[in-house]
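These notes are about the structure you will find just below.
Just so we're on the same page: letters track the sequence lines, and every chain starts at 1. Treat the numbers as computed from the prediction; the structure is a model and nothing was measured.
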Amino acid sequence: MEDVQYKMMLCDGVSCIHNQSKELQSAIESELDKSGIRDAVSIHLSGCLGMCNKGPILIVNPGYTIYGGVGSEDVPEIVQSHLVEGKPVARLVIEEDHLYNRFFRIFGDVDFFGKQMRITLRNCGVIDPENIDDYLSVRGYEALAKVLCDMTPEQVVAEVKKSGLRGRGGAGFPTGLKWGFTAAQKADEKYVICNADEGDPGAFMDRSAIEGDPHTVIEGIIIGGYAVGATKGIVYIRAEYPLAIKRLEKAIEDAREHGFLGKDILGTDFSFDVEIRLGAGAFVCGEETALIHSIEGARGMPRPRPPYPSVSGLFGKPTLINNVETWANIPVIILDGGEWLSSIGTETSKGTKVFALAGKVHNTGLVEVPMGTTLREIVYDIGGGIPNGKKFKAVQTGGPSGGCLPEEYLDTQIDYESLAKAGSIMGSGGMIVIDEESCMVSLARFFIEFTQDESCGKCTPCREGTKRMLEILTRIVEGKGKAGDIEKLERLGSMIKKSSLCGLGQSAPNPVLSTIKNFREEYEEHIEQKKCRAGQCVALLSYVVNDECVGCGACKRICPTGAIEGTRKEKHLILDEKCIRCGQCYDVCKFEAINKV
Amino acid sequence: MVTPLEIIRKKRAEAVNRIVSKGYLSTIRVYVGMATCEIAAGSKEVMEVFRQAIANGLTDVYLSQKGCAGRCNLEPTVEVIEEGKIPVKYGRVTPEKAREIVERHLKKGEVITEWAI
Ligand SMILES: Cc1cc2nc3c(=O)[nH]c(=O)nc-3n(C[C@H](O)[C@H](O)[C@H](O)COP(=O)(O)O)c2cc1C
Ligand code: FES
């Protein structure tokens, strides 16, 4: 790496591949060989860079020179002039001032980021989130100014509709339609809410977005207020996010000082202000009607819809509610155009989606990928595959409302419909990779325990049904499962889905139903053979000593319950009734003489 | 009447001037990740090392915090950016490593490749 003087990022997106980017790559490689500077240049592949109509795209760092429409015949000139003599080839350079992917300048050569496309996280990790000057310098609040200068509220709604943006909070409702509904209502007051409750266990997309770039979210909210005719915005954020709250408060204060919030914004007659409301961290308070109750000071319980918040929301007034990530798309749609955003993604899902990649992958972290990226690309290309030579088993999306997809679904594209068809959901962006050492029944039990705990208790199917499901799952993992339990889980699950009041109950059985569908044999093994193939269900596990035992006595010394017997230099024995399955003997043995069975 | 777009352009120019007057055009810019995740991984202490170094006379360095770029398992991260050079990204930076980055990279211009992402 020390000798590398140039890094090239070559677009490996579908459209650029179609425009012969693969041929371009081999032309570059052979030209580099020819001119003897192969070691001074590294080549990195990236996902779609959002400049498809000018593809194939090639970026050269340092300098961040973007070349467009490069053909193999141009390669000798680029190599000679740019890489050898240090003079970029002006006739091929394209000037782009898009908002997205700015962070590519710094991070483009890291493989983890290569397949990503950063629209909503464009400034995260690039600017100082507590300095409004930093945001202003990257065209901050220009979208707001543009809207106030040249666009009517109707035009703003139309632009959002054109973008094809859908809600990123989970349900995927078309954002433009929702804005249109709220805008169409006649009322003396309207509200705009940013849902930053982020209740999925393990999810941290919204927290990172706010901590890394709070002004983008605020700018989006102000534009939303203008579009639907609201004067007041509220960010509902969980109290467990102190740093995000602090940065948001600072950002709101700074925005006010600059005249982006408050009376007569930027010298126009549009007035709008934003305040922060703290949530206590109940999962159900992320559901929009419960969230509204919570802001009103009532208990955070959902109510049946319709009426939808866009008709009757906060204090009975028309209310526009969107997720943090949805809001963060808005400034980009205004400056780069709805049409541009709709050029990215699949037929039904446009733009990008942020995921919190966790579990058994090399590279865990926050990823933003264009819709249409496959699960395999996320797990292997971005995530770097499964560590410790273990086998991939499943990927879980959508958290407690989602499902688990096994290997045969790895080529599923990320979009709302494809994931639903495969048996999971897009959700808000939790993505957990599971390897062979995880038990699918325990995983399902974990999520049901979570939803059961978080159920608000208002409706019976969710309150009682999830409790019964949890009881059955608990007995299965404890080795007390009975014939017919699987069918009972299926019946209960489909009943809860159909009859619950809100999305929490309607989706709570998903983790169980999807694991039964895709990993039924694991359930059967637990029930019939009292066996957990992942070795995770402690009650179904026994430790036995095999013939490798040399009688060193290490296990006997470490056993906290005195469950191991044996004389020195002879094979030892584990007494099953005394064993508490802590696994210490297994870990301490140097001779692999203890088996988990 | 000045339009909102004119106002924002003026504000941007002013913002850029303020950033520049804080030394943005220094030879080297150093960014330390300071989000909840980065701080939990120890980035505050790392930031302090760079602050101290500047307080103790290190010049021509622009130091700034930044949000989380998303490389959770490599945090805390620090980027060292020099005009005309490939940006260097350090991962799993400890205060000790930070002190070495100051001595070797910032003062002597040596990229410590083993720590780079
Ligand atoms: C149980 C439950 C929890 C939810 N939690 C969240 C959440 O944490 N954040 C969020 O944005 N939406 C959450 N939603 C979805 C919201 O009800 C709502 O659809 C969303 O905020 C709308 O914004 P969007 O169209 O931008 O996605 C939740 C829904 C349910 C049923
Ligand atoms: S595929 Fe290369 S820019 Fe879109």
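Of the listed residues (B:Pro4, B:Ala15, B:Ala13), the one with the most heavy-atom contacts under 4.5 Å to chain A is B:Pro4. Your options are B:Thr36, B:Ile81, B:Thr77, and the one with the most heavy-atom pairs under 4.5 Å with chain A is B:Thr36. Among A:Ala358, A:Gly259, A:Pro129, the residue with the largest count of heavy-atom pairs under 4.5 Å with chain B is A:Pro129. Among B:Ile7, B:Ile39, B:Asn17, the residue with the largest count of heavy-atom pairs under 4.5 Å with chain A is B:Ile7. Contact tally against chain A (heavy-atom pairs below 4.5 Å) for B:Ala35, B:Gly33, B:Ser64, B:Cys37: the top residue is B:Ala35. The choice from A:Leu148, A:Asn131, A:Ile127, A:Leu357 that makes the most heavy-atom pairs within less than 4.5 Å of chain B is A:Ile127.
If you measure heavy-atom distances from A:His258 to chain B, the contacts under 4.5 Å come from both the backbone and the side chain. For a residue to count as touching a neighbouring chain, one of its non-hydrogen atoms must lie under 4.5 Å from one of that chain's; by this rule B:Gln65 touches chain A with backbone and side chain alike. Within the 4.5 angstrom heavy-atom criterion, atoms from both the backbone and the side chain of B:Leu5 approach chain A. Looking at A:Thr364, the atoms closer than 4.5 Å to chain B (heavy atoms on both sides) sit in the backbone and in the side chain alike. A:Asp213 does not touch chain B: none of its heavy atoms, backbone or side chain, sits under 4.5 Å away. When heavy atoms are compared at a cutoff of 4.5 Å, B:Leu74 does not approach chain A at all. Interface remark: B:Lys85 contributes backbone atoms only to the contact with chain A (heavy atom separation under 4.5 Å). Proximity to chain B (any heavy atom under 4.5 Å) is shown, for A:Tyr135, by neither the backbone nor the side chain.
Looking at A:His44 and A:Ser46, their side chains never bring a donor and an acceptor atom within 3.5 Å of each other. Counting only N and O atoms by type, the side chains of A:Glu325 and A:Thr120 include no donor and acceptor under 3.5 Å apart.
For the pair B:Glu75 (side chain) and B:Arg92 (backbone), a donor-acceptor distance under 3.5 Å is absent.
The two residues A:Glu219 and A:Glu142 come nearest to each other via the heavy atoms OE2-N, 3.5 Å.
Taking the six-membered ring where tryptophan is involved, the planes of A:Phe260 and A:Tyr141 are essentially parallel, since the angle between them stays under 30° and well short of 60°. Under the 30°/60° scheme for interplanar angles, the aromatic rings of B:Tyr90 and B:Trp115 are found to stand perpendicular.
Distance check: A:Cys149 SG to B:Ile8 CD1 gives 10.0 Å after rounding to the nearest 0.5 Å.
Salt-bridge formation is detected for the pair B:Lys10/B:Glu14: a Lys NZ or Arg NE/NH1/NH2 atom is positioned less than 4.0 Å from an Asp or Glu carboxylate oxygen. Under 4.0 Å is where a charged nitrogen must lie from a carboxylate oxygen, and between B:Lys97 and B:Glu100 no such pair does.
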